[in-house]
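Owing to the predicted nature of the structure, the values given are computational and were not obtained by experimental measurement. Read the numbers this way: they start at 1 and go in the same order the structure lists the ligands and their atoms.
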Amino acid sequence: MTTNTIAVGPLSAQPGTKVTGLVPVDVGTTTLEVPVAIVHGARPGPRVAVTGGIHGAEYVSIAALREVVFSLDPSAVTGSLVAVLTASPAAFAARSIYVNPLDGLNLNRQFPGDPNGSPTQRLAHWLATEVIEGSDAFVDMHCGDMNEALDSFVGILDTGNPSVDARSRELAEAYGLRHLLISKTTGTTLAVAGAHGIPGVLGEVGGQGLWPKDDVALHAAGFRRVLRAAGLIEDAPAEPGHRTELLPDEAWMRATTTGYWHPAVGVGDRIEAGMEVGEVQDAFGNVLERPSAPMAGVVIFLVSSLAMNAGDPLLALAG
Ligand SMILES: [Zn+2]
């Protein structure tokens with residue numbers, strides 16, 4: 001093996017090659033086979049890591065990542081891309097919403113993970129140490145889950161390191177999506193990247209278990225522009241005609257009752273503080289709650305299933 005080989009588990013890629021394969025990841029109760037692609041460019045340069053399918057039913061992100069990785073020609077790449085094509089294979093197979101069925105945990109709340117923990121914690125540890133930490137830039141591709149409609153956005157962290165944060169912002173703007181949010185969520189892939197001084201961006205397009213061509217194309221084009229901004233490729237689709245709007249504050253609204261969710265707003269709507277966003281009814285049409293917006297903002301995602309459980313998200317606002 002030469003020193004400039006890039007390896008993930010048993011996969012290793014020489015410069016100028018693309019290598020794909022299933023990488024075994026022992027998560028304690030079973031061994032997952034995680035599909036990974038290494039695109040090792042012909043010229044040395046930055047190493048970018050990307051994950052798709054951290055949430056297994058977010059199909060636009062998985063489909064877009066597959067499309068871009070399958071099309072990349074290593075002879076036209078500077079640096080390298082390490083792509084985890086479906087990061088939570090058991091969740092993908094089970095068409096699972098939010099959580100990994102192996103232990104019921106949300107993978108994107110378990111980082112940096114634990115090599116001796118539950119299956120999701122072990123998977124998080126593997127992704128953190130084998131994929132994210134060795135990179136110069138990191139992209140995490142998501143979309144609304146099977147029960148969520150979503151207005152496209154990118155998310156970055158405020159790590160407190162101005163040069164890292166400025167670089168994350170550049171990559172996020174290259175994505176060309178509608179909104180930019182500053183993520184406050186802990187236990188995420190972005191938190192791992194941030195803790196290691198790695199610029200990171202989360203991209204979100206589409207949802208509801210669908211993967212229409214237009215959404216996949218939008219997500220794929222954004223990711224290609226990020227790869228161009230990171231220095232890996234020279235050609236990428238033109239920037240969209242709109243600028244990315246920074247929405248620095250966000251609020252997640254959660255149900256306090258279990259029943260039937262009737263939203264009164266749609267994704268992308270701009271609503272005022274105090275406005276009623278819908279109602280949860282019981283089985284007989286009686287209103288259990290009519291939650292109102294805690295802040296003015298844009299409806300970033302909206303749970304679109306009729307079934308609602310106390311404690312589940314109803315929607316998120318950003319503004
Ligand atoms: Zn997600």
Side-chain angles (χ1 to χ4, degrees), residues 34-35 49-66 68 83-113 120-121 123-124 127-128 131-132 138-157 172 175 177-194 200-212 215-216 218-220 222-223 226 250 252-254 267 299-305 312-318:
V34 180
V50 57
T51 49
I54 288 277
H55 295 127
E58 295 183 354
Y59 300 140
V60 174
S61 48
I62 296 169
L65 177 57
R66 285 162 57 82
V68 174
V84 181
L85 298 168
T86 306
S88 188
F92 179 74
R95 309 179 177 109
S96 177
I97 295 172
Y98 299 146
V99 300
N100 183 351
L102 297 177
D103 56 11
L105 294 177
N106 182 339
L107 175 55
N108 212 24
R109 301 291 180 275
Q110 298 302 321
F111 286 92
T120 303
Q121 292 164 339
L123 177 59
L127 289 163
V131 177
I132 301 172
F138 172 67
V139 183
D140 193 10
M141 297 174 73
H142 287 248
C143 66
D145 217 318
M146 200 175 285
N147 60 331
E148 290 173 342
L150 177 144
D151 202 19
S152 64
F153 69 90
V154 279
I156 59 174
L157 281 187
Y175 231 118
L177 301 180
R178 205 182 300 275
H179 308 295
L180 170 61
L181 276 60
I182 310 298
S183 172
K184 312 287 193 294
T185 311
T186 56
T188 63
T189 54
L190 286 190
V192 171
V201 57
L202 170 96
E204 299 253 10
V205 178
Q208 296 180 294
L210 304 171
W211 45 291
D215 282 355
V216 174
L218 183 67
H219 216 336
F223 179 50
V226 172
E250 68 180 68
W252 285 40
M253 298 183 65
R254 291 178 182 274
V267 284
V299 178
I300 288 295
F301 75 77
L302 173 71
V303 169
S304 53
S305 76
D312 281 355
L314 296 165
L315 58 80
L317 294 169

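Summarising the geometry, atom CD belonging to Glu148 is positioned 12.0 Å from atom CD1 belonging to Ile300; distances are rounded to the nearest 0.5 Å. Atom OG1 of Thr188 and atom CG of Leu202 lie 8.0 Å apart (nearest 0.5 Å).
Put simply, His142 gets within reach of the Zn ion (ligand 1), with an N, O or S atom under 2.8 Å from it. Not a single N, O or S atom of Glu204, from either the backbone or the side chain, sits less than 2.8 Å from the Zn ion (ligand 1).
Our summary of the site lists the angle at the Zn ion (ligand 1) between OE1 of Glu58 and ND1 of His55 as 110°, to the nearest 10 degrees.
In this structure, Asp103 contributes its side chain and Thr120 its backbone to a donor-acceptor pair below 3.5 Å.
The one candidate from Asp140, Thr86, Thr189 that meets the side chain to side chain donor-acceptor pair (under 3.5 Å) condition with Thr51 is Asp140.
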